[in-house]
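Reading through the structure tokens given below for one structure.
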There are 4 protein chains.
Amino acid sequence: MPAPSEVTAPERLRCDAARNRERVLSAASEVYGERGPAFTMEEVASRAGVGIGTVYRRFPTKGALLDAIALPYLERILSLARAAGEHREPGERLETFVRTFAERHASERMGSGRLWDSTLGRPLRDEIARVVDSLLDAARKAGRLRPDVTYRDVSVLLWTLTSLIDATDQIAPMVWRRHLDLLLDGLRPGGPRPLATPPVNAEEWERVVTSSAALRLH
Amino acid sequence: MPAPSEVTAPERLRCDAARNRERVLSAASEVYGERGPAFTMEEVASRAGVGIGTVYRRFPTKGALLDAIALPYLERILSLARAAGEHREPGERLETFVRTFAERHASERMGSGRLWDSTLGRPLRDEIARVVDSLLDAARKAGRLRPDVTYRDVSVLLWTLTSLIDATDQIAPMVWRRHLDLLLDGLRPGGPRPLATPPVNAEEWERVVTSSAALRLH
Amino acid sequence: MPAPSEVTAPERLRCDAARNRERVLSAASEVYGERGPAFTMEEVASRAGVGIGTVYRRFPTKGALLDAIALPYLERILSLARAAGEHREPGERLETFVRTFAERHASERMGSGRLWDSTLGRPLRDEIARVVDSLLDAARKAGRLRPDVTYRDVSVLLWTLTSLIDATDQIAPMVWRRHLDLLLDGLRPGGPRPLATPPVNAEEWERVVTSSAALRLH
Amino acid sequence: MPAPSEVTAPERLRCDAARNRERVLSAASEVYGERGPAFTMEEVASRAGVGIGTVYRRFPTKGALLDAIALPYLERILSLARAAGEHREPGERLETFVRTFAERHASERMGSGRLWDSTLGRPLRDEIARVVDSLLDAARKAGRLRPDVTYRDVSVLLWTLTSLIDATDQIAPMVWRRHLDLLLDGLRPGGPRPLATPPVNAEEWERVVTSSAALRLH
DNA sequence: CATGAATGAGTTTTCATTCAT
DNA sequence: GATGAATGAAAACTCATTCAT
């Protein structure tokens, strides 16, 4: 049975390699989530259970690895946006997207910062732009969004939001939720409803202010 | 002759020491403004015109030095808040504070990130809280602010804003201004006035997305 | 059916193997010519169009590969020596050999340094010794060579010459030619003819001294 | 006694630093002599008995260290040339210089290769050129040197000679001496005296050919 | 046999921190 | 007190070599 073996052998090889690639990638995402871009290649390697040489075989540069982390990240964003587009109430779609995105980011420590960068994800980003634009349209038509908000505004918003989540979620998980409510609802009076999240209380705030949380924002 | 010598010598020393402390501090602020927390202790020393040992005598740790930078930073914030409190229109005071703070941050590269941290500035921070609270009050009474916004909400807002400014001001200076408009004006429709800043255009956005700007957000 | 399969399969394999061996060898010579012993095994593999494992199957060590490169090198030397032995004027044969060898080395970047080493080429080297000895004899009999010069003297001369060629040919191609003239003609006065190559001029010398040419001599 | 202490303290500091600098330098020369430019910074550090950081404080780059090795090397060459210029017999001066240079190079493992390079030693090199030129003049006037030999010819000769010495002195110390005799005396017949060094014998040659001596020539 | 994935010791360089002077 | 020399633990990256497929 040379055929099958010949077929499967390379397949398996690729399988192992691919598995390792995945392991490195998820280890990198993990470490990135914990320590930001200051993570060590060696740490990624050891957490992936491979030698450092293996990491470098797949990603010849730390930057390349960061770029690679970005792609699944973007893909998840896209799928969240698409899922939000299925929401029954068109007026809720945008908010649903932003909120689920934030929750997912907090729970899965999706990458951030550098990950919005890199030209690698261009087509993906374009597609995300299209989908999010449709969410904006729906929200606008439902009278739930001021007409002058663009995709880029939302993007910047998500961008700063992820930084805030990274910096505070572990020590004061309500901070970013409150901030998100404010962002979504606006600062002006006359809003139709009170903010869903209560103001940040003293203990949480204490933790934020005394920890090095702010450090991570830079 | 213990008195004179002990009086003058330490006095002088204290003088020199104080002068050195100031030099180190302003050198550190300068370098921090230029390179963020990645600056080198040696660089601070040489820019202050002292030996690196002197830096360490005053600030036993790089972290301590960062903490120390925060104080003048907080002082400037306080003075901006106070100045804004003098604004003729009480309803404008909060917005004036936030906007001048942002502009100052952008132009003088006031420290950020880590600088919000540290327990050193506690009394200062408390005073800032008081003053900003009065701005909030005024804005609320003038019907320019939703009633449930707290000092901490504003603080988080400023916090994320400085990150955005640090990351984008040099390559796309309109990005954070637009975002700030949105923050101040809210995302809901029916706002009393159109946003002052036009949407981010394609070129600027391109620059942000292709540069490593996002990197600096972490 | 053990016979046919065993006969053809190994035959083919041997064929392929031999072809691979050759490919690896010429790739290695090529890379060696370009970068000296600093070349990478991976580079040899990829230029030969085989996997790196294949390289290691044929040559268990980088040193072994270097040794193997030496053989064709020695063969070319031998053929040059034999060709020089055909020269009409017996008195010219030695000089012809040395000069054509040097030119070939310069133009084809024949291997050098390590290539004189290795015990692999023993019989070949012995044969070269025999042929060059005959050139020496002829030169001696023609009164063109001092009687006490041996094959080993010539060998050392060629050895240092190749180093000089490697180091200077690309940046100052006259340097080694002048040196060779001196070597062949002697340093003492009263020589029958002036040196054919003019002294190295300032520009060329400058290039040698300021470049990292000397580095390559080690 | 504040004055003396103040005077000596910095002096001592400088002393220690200078001592370390010297240690690093001589360690580097030593290692360079043994392994050529492939030496390790760590090795230099440990042999100098200092931390690797100290090496980098004095010589911010491996290249800088190599450059620094070159200077004392050039100085020694200059002093040898000057000493040779004092030789009673003007006709012997050049040869004396070349021979003592070679012996010193062999015994003290003076640097080589890269050391001829670098623009650092420019003035020193110019001075060497002047002195050696005077040796050439003297030799020429004494009828001991063919009139067309220039300083650059001698320089190339010394250059290749050091390579040969580095490569062979430890395993076959007569090889380079014999070669030097040949260089100095010329290859043509009719020379006034037989070569002082006997031909390389089989054992020595064997050692050269089988060792990796040749490797060091590249 | 061929492949190329995996390995990890080794290299250069940086920088926060200590300590002798 | 001030100085800056010394330290050495990392960190990013390379490459000869081994080994599973």
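For the pair D:Phe39 CZ and E:dT11 C1', the computed distance is 12 Å after rounding to whole Å. What separates CD of A:Glu22 from P of E:dA6 is a distance of 12 Å, to the nearest Å. When rounded to the nearest whole Å, the span between CE of B:Met41 and P of E:dT14 equals 19 Å. As a whole-Å value, the separation of A:Ile52 CD1 from F:dC15 P is 15 Å.
Looking at B:Asp67 and B:Phe59, their side chains never come closer than 4.5 Å, going by heavy atoms from C-beta outward. By the 4.5 Å heavy-atom criterion applied to side chains, B:Asn20 and B:Arg57 are not counted as neighbours.
Residue-to-nucleotide proximity on DNA chain F shows that, of C:Gly53 and D:Val55, the 5′-proximal contact is made by D:Val55. Nearest-nucleotide mapping onto DNA chain E: of A:Gly51 and B:Glu42, the residue sitting toward the 5' end is A:Gly51.
The side chain of B:Thr40 sits closest to E:dC15 out of F:dA2, E:dC15, F:dG4. For B:Tyr56, taking side-chain heavy atoms from C-beta onward, the closest of the listed nucleotides E:dT12, E:dT18, E:dA9 is E:dT18. Taking every side-chain heavy atom of B:Arg58 into account, F:dG1 is the closest of F:dA5, F:dG1, F:dT7. Side-chain proximity of C:Lys62 to the nucleotides F:dT17, F:dC13, E:dT14 is greatest for F:dT17.
Base pairing of E:dA20 is made with F:dT3, judged by Watson-Crick or G-U wobble geometry with both donor-acceptor distances under 3.5 Å. When both pairing distances are held under 3.5 Å, E:dG8 makes a Watson-Crick or G-U pair with F:dC15. For F:dA9, the paired base is E:dT14 (Watson-Crick or G-U wobble, both distances below 3.5 Å).
Here the closest heavy-atom approach between residue C:Ala45 and residue C:Ile52 is recorded as CB-CA, 3.7 Å.
OP1 or OP2 of E:dA5 has not a single side-chain nitrogen or oxygen of A:Asn20 nearer than 4.0 Å. Contact check, A:Arg21 against E:dA5: no side-chain N or O comes under 4.0 Å of OP1 or OP2. Regarding contacts with the backbone of E:dT14, every side-chain N or O of D:Arg57 stays at 4.0 angstrom or more from both OP1 and OP2.
Heavy atoms of C:Thr54 sit under 4.0 angstrom from at least one base atom. Across all strands shown, D:Phe59 has no heavy atoms under 4.0 Å from either base or sugar-phosphate atoms.
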- Decide yes or no on side-chain contact (heavy atoms from CB on, under 4.5 Å) for B:Tyr32 and B:Leu66, but give the supporting numbers first. CA-CA 9 Å; B:Tyr32 184 93; B:Leu66 281 165; 3.5 Å; yes

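Atom CD of A:Glu30 sits about 12.5 Å away from atom CZ of A:Arg23, to the nearest 0.5 Å.
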